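The basis for the numbers below is simple: all heavy atoms, side chains too, and nothing from hydrogens, waters or symmetry mates. Just so we're clear, the structure is a prediction, and the values are computed from it rather than from any experiment.
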Amino acid sequence: MSLPLRPGDPERIGRYRVLGRLGAGGQGVVFLATRHDGRQVAVKALPRISDEAARHRMAAELDLLRRVSGFCTAQVLDADLTADPPHIVTEYVAGPSLAELVRHEGPLRGGALERLAVATATALTAIHRAGIAHLDLSPRNVIIGSDGPRVVDFGLARAVGGPTTDPLITGTPAFIAPEQLAGHPPAPSADVFSWAATLAYAATGRPPFGDDAVPTVVYRVLHQEPDLGTDTELGGFLRAILKTCLAKDPALRPSAQDLLYHLVDRTPLQPAEAPTPARGWRRGWIVAVAAVVLIAGGLGTAMWRGWPSDGGRPASPGKGSSGVLAPPPLYALEAGATARTAYATINSYGYKTLAKDLRAVDDATTGRAGVEYTGHLQDQARHIRDEKIVQRAVASESGIVAARADRVVVLVWGQINTTKGSTSDYHLGGVVMEMRSVGTVWKLDHVWPQNPQPNSAEMTTGEWPSGRTTTLLSAASGNGTRAIALEALTSTGARVFRLDADGTVSRLNVVPDGSSFRVESSRELGAS
């Protein structure tokens, strides 16, 4: 059943007329809509996808999603990732979500619970056979239709084995797998964990890791055993299956296909043989949780980044102690995302759109940077129009160099394509962008020249990096290094970016080496 539209909701999305809201989650709003022949569909409106590489990756994933059989899923019917807003259109399945059903009618028992288990495991098997991981399976994404349960909402699906350059994680904390918190590449085993958590909720009426504060739930997912209720609520072979599927180590979980076999045979699973040595899975994690938690279908949905550390309990993501690798504070991650957008804005213009491009630069920059960039474009305006020049830029990678409350320094590596008449020039390279807090937003204040300025965030005492994180970043520097930026902490150390004097950016894997760190491997991203 749909809800009324809210002020600001669109009346149409692409070719579809919007009727009402079906729900909202971490990556967009799902609307009930009709197409030209009157058939009702579900349209998920996504945030604007400015990164061309991300758009191409999602388009490839959608091609895979169309291969998924529709007998236990909502089939993907259409998609337009270049529209405003970008959207995915799927079959509309009328009926309550599993979350709504349990909330209104109570937990499932006996045959009803087993039918749910078999139907959803069948759906996972079909999804995985198409080469896709769903990555957001939860009670709100299981619809109890007239023909049985269906798994819906593939907005977070990722091609298994595909690139994962962004460690941002969006999902439902009480049902997400531990390895997803670490930003590991998508894998079907994460869906098996989420499937088991969803079944436990259906059987007991509560998430197996609780539903209170997000940091507390995340800690339980990482470190504590699930609450599977009493034997009366959840017993027999199904309890044993869920316990195996909720293993912290993904290598100990079964495949969806094996899971389905045991459900049909009504036999418990035996855990797979543990890999040796276990690579960091029993270590602690620092989890930075975003301030806003969206509520959809009664279950929390959050966006956060997972960062490994040597500590056991959730710790502050800000200042680090001497023994802990601390990620940048949350405000620095927000500034980093804005820096990527600003990179594209200041480096993109066209002879037909120059007035609009100048306004966009003004909006993205402080007065200091605005003078640099709008002044340059205004000086070149006649040349740009006479030569019919069009330049487009995309920020491909970024990392945090240094941060304090009012300023954040971000290393951005990107691609700039300049078209002049019938000729094109392609440029790759890295820049260091200094972002300044202006009210409630971040704006570009300065792009570093060859050497940092004495009033920059890196040249003054700041909140981050500090302690052992400073030691790690220092270990990645070399002769002629202009900047070192943290991309992500990993289970074995960190991935960092290094910008050299010639503009070349390299991605380095840095690992512990006694009391310090060393560069284990390096790959040049390039410059031209």
Steps toward side chain to side chain contact (heavy atoms under 4.5 Å, CB included) verdict (Gln415, Ser396): CA-CA 7 Å; Gln415 310 161 39; Ser396 300; 2.5 Å; yes

Atom pair CG/CD of Asp386 and Gln380 - distance to nearest 0.5 Å: 11.0 Å

Any side-chain heavy-atom pair of Tyr426 and Thr418 under 4.5 Å: no

Steps toward side-chain hydrogen bond (donor to acceptor under 3.5 Å, both in side chains) verdict (Ser437, Asp406): CA-CA 5 Å; Ser437 176; Asp406 62 330; over 6 Å; no

Student check: side-chain heavy atoms of Leu98 and Leu116 closer than 4.5 Å: yes

Whether Asn347 side chain and Tyr343 backbone form a donor-acceptor pair below 3.5 Å: yes

Asp445 and Arg407 ion-paired at < 4.0 Å: yes

Donor-acceptor pair, side chain of Ser194 and main chain of Phe175, under 3.5 angstrom: yes

Side chain Arg12, main chain Arg15, donor-acceptor under 3.5 Å: yes

Shortest non-hydrogen contact between Pro207 and Tyr201, atoms and distance: N-CD1, 3.6 Å

CD-NE2 distance between Gln391 and His427, expressed to the nearest 0.5 angstrom: 9.0 Å

Any donor-acceptor N/O pair, Thr338 side chain to Glu334 backbone, under 3.5 Å: yes

Sidechain-backbone polar pair: Arg150 side chain, Ile144 backbone, donor-acceptor under 3.5 Å: no

Close side-chain approach of Thr366 and Leu444, heavy atoms under 4.5 Å: no

Leu19 side, atom CG; Leu3 side, atom CG - distance, nearest 0.5 Å: 13.0 Å

Pair Lys443 + Asp363, salt bridge at N-O below 4.0 Å: no

Plane angle bin for Tyr16 and His87 - parallel if under 30°, tilted between 30 and 60°, otherwise perpendicular: perpendicular

Within 6.0 angstrom of Arg17 CZ, more than 12 heavy atoms from elsewhere: no

Derivation and outcome, side chain to side chain contact (heavy atoms under 4.5 Å, CB included), residues Glu11 and Val18: CA-CA 5 Å; Glu11 295 181 357; Val18 176; 5.8 Å; no

Non-hydrogen atoms of Ala197 and Pro208 that approach each other most closely: O-CD, 3.6 Å

Verdict with supporting geometry, Ser138 and Asp136, side-chain hydrogen bond (donor to acceptor under 3.5 Å, both in side chains): CA-CA 6 Å; Ser138 69; Asp136 192 24; 4.7 Å; no

Euclidean distance, Arg385 CZ relative to Leu354 CG, rounded to 0.5 Å: 4.5 Å

Of Thr504, Val505, Leu411, Ile484, the residue whose pairing with Arg498 passes side chain to side chain contact (heavy atoms under 4.5 Å, CB included): Ile484

Residue of the set Asp191, Leu199, Leu259 for which side chain to side chain contact (heavy atoms under 4.5 Å, CB included) holds with Thr120: Leu199

Closest heavy-atom pair and its distance - Ala335, Trp442: CB-CD2, 3.6 Å

Heavy-atom pair of closest approach, residues Ala121 and Leu260: CB-CD1, 4.2 Å

Ile400 and Val410, any side-chain heavy atoms less than 4.5 Å apart: yes

Side-chain (His134) to main-chain (His128) donor-acceptor, under 3.5 angstrom: no

Side-chain donor-acceptor pair present, Gln75, Thr90, cut-off under 3.5 Å: no

Tyr331 side chain vs Arg404 backbone, donor-acceptor pair below 3.5 Å: yes

Electrostatic pair Arg35:Asp37 at N-O distance under 4.0 angstrom: yes

Side chain to side chain contact (heavy atoms under 4.5 Å, CB included) between Val401 and Phe497, worked out: CA-CA 9 Å; Val401 177; Phe497 292 119; over 6 Å; no

Flag for Thr34-Gln40: side-chain donor and acceptor within less than 3.5 Å: no

Val151 vs Leu124 side-chain heavy atoms within contact, under 4.5 Å: no

Least distance between heavy atoms, Ala393 atom then Ile416 atom: CB-CG1, 3.8 Å

Check: Arg6 main-chain N/O paired with Asp9 side-chain donor or acceptor under 3.5 Å: yes

Min side-chain heavy-atom separation Thr419-Ile389 under 4.5 Å: no

pair Thr73-Ile127: side-chain heavy atoms closer than 4.5 Å: yes

Contact summary for Leu489 and Leu486, nearest pair of heavy atoms: CD2-CD1, 4.0 Å

Donor-acceptor pair, side chain of Glu100 and main chain of Ser97, under 3.5 angstrom: yes

Separation of Trp413 CH2 from Leu525 CG (nearest 0.5 Å): 5.0 Å

Thr345 backbone acceptor or donor facing Ser348 side chain under 3.5 Å: no

Heavy-atom check, side chain of Val43 versus side chain of Ile88, under 4.5 Å: no

Glu397 vs Val412, side chain to side chain contact (heavy atoms under 4.5 Å, CB included): CA-CA, chis, key distance, verdict: CA-CA 6 Å; Glu397 307 285 358; Val412 178; over 6 Å; no

Electrostatic pair Arg253-Glu179, nearest N-O below 4.0 angstrom: yes

CG-OH distance between Leu22 and Tyr92, expressed to the nearest 0.5 angstrom: 5.5 Å

Check against salt bridge (Lys or Arg N to Asp or Glu O under 4.0 Å), Glu487 and Arg507: CA-CA 9 Å; Glu487 179 190 12; Arg507 175 184 275 121; 3.0 Å; yes

